[in-house]
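Beneath this line is the structure, given in C-alpha cells, with notes to follow.
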Amino acid sequence: MTVFNDLPIPEEPRRGRTVRYVSPAWAGAPAHELPAVVHIGQFLHRSRSFVLAVELAKVYSTGCSLDLTWTLRRAEEDDEAWAQLNGAFFGHPHSMQAIERRPFAALLFGVQLADGTKARADSMLHSRYPPGTAKQPDPPILILRGNGGNGGDDEMAGKGTLWLWPLPPDGDLRLVAQWAELGVDETSITIDGGQLRAAASGAQKYWPAEGEQG
C-alpha cells in the first residue's frame, strides 16, 4: 500500500481559449499568406567600401515588403575610426538619444508614389497607434524593420525590410535612402509600382476564409 494511490486527482482548471491577435493591415504583412515575389536587384548606393541594395519585393494582397541588404568593408580606417563606424552601423537608428543628437544621421528611407504621396520610414508608429485602438495612420505607411547583422575587423553586414502599405498605384515608385553617418547622401531608385500592384494577384492565402471554397 502506498500513500499516494488513495489521494484524489485534482481536476484541471478550465481555461478559456486565447483569442489570436490579428495586427492591422497597415502594421505588416498578413500572417497567413504566401507572397508573390518580384525581383528588384538595384543598388541604392555602391562605392568602393559601402553597398546598400534592394534585393526583391514580397507582394501581399494588402501591401509589399522590400528586402534590403547593406555591407561596409574596411578601407584605410584605423581601429578607432573603425570602432566609430561600427557604432554607427549597428546603433539603433530610432533611439531617442540618436534622434535628439543627430536626427538625420542614421539610416533613413522614404517613398514617393506616382500619385504624389510620400512617406518616411517610421518605427514609432506602434507607440502612436497601439494595438486595439480604432484609429489608424493615414496612408501611405512605410515601416523599417532590422533583421540583424554581423561584423568583424574587416567587414560589417546587415539586412532589413521595408513594409509599404497599401499597395502602390500604377506608375513610378521612387525609393529614397540616406545614411549621413556612413557618408551616404540622399539617393534613390525607381521601381515599377504597377508591376508590384499586378503581382498581388499571385499572393495565396494559406487557408480559404469561411464561406469560400478551398
Can any side-chain N or O of [X] pair as donor or acceptor with the backbone N or O of [Y] at less than 3.5 Å?
X      : Y      : result
Glu181 : Trp179 : no
Arg73  : Ser49  : no
Gln136 : Ala25  : no

Salt-bridge contact [X]-[Y] (side-chain N to carboxylate O under 4.0 Å):
X      : Y      : result
Lys205 : Glu33  : yes
Arg120 : Glu186 : no
Asp153 : Arg74  : no

Which side-chain N or O atoms in residues 156-166 pair as donor and acceptor under 3.5 Å with protein atoms at least two apart or in another chain?
unit_1: Lys159; atom_1: NZ; unit_2: Glu55; atom_2: OE2; d: 3.4
unit_1: Trp163; atom_1: NE1; unit_2: Trp26; atom_2: O; d: 3.0

I need the [X] [atom1] to [Y] [atom2] distance, nearest 0.5 Å.
X      : Y      : atom1 : atom2 : answer
Thr69  : Phe43  : OG1   : CZ    : 9.5 Å
Ile40  : Gln195 : CD1   : CD    : 6.5 Å
Leu142 : Lys118 : CG    : NZ    : 14.0 Å
Ser188 : Leu175 : OG    : CG    : 8.0 Å
Thr71  : Phe50  : OG1   : CZ    : 8.0 Å
Trp82  : Leu72  : CH2   : CG    : 4.5 Å

Common cluster, [X]/[Y], ILVMFWY with side-chain heavy-atom separation under 4.5 Å:
X      : Y      : answer
Phe90  : Leu107 : yes
Leu66  : Ile189 : yes
Val38  : Leu167 : yes
Val184 : Val54  : yes
Leu144 : Leu56  : no

Practice problem: Report yes if the side chains of Leu196 and Ile191 come closer than 4.5 Å at any heavy-atom pair, otherwise no. | Solution: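 Yes, at least one pair of side-chain atoms sits under 4.5 Å.
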For [X] and [Y], work out which heavy atoms get closest and say how close.
X      : Y      : value
Ser23  : Ala27  : CB-CB, 4.5 Å
Ala36  : Gly202 : CB-C, 4.1 Å
Pro169 : Ala114 : CG-N, 4.3 Å

Self-check item: CG (Asp138) with more than 12 external heavy atoms under 6.0 Å
Solution: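 Not buried by this count: 12 neighbours or fewer within 6.0 Å.
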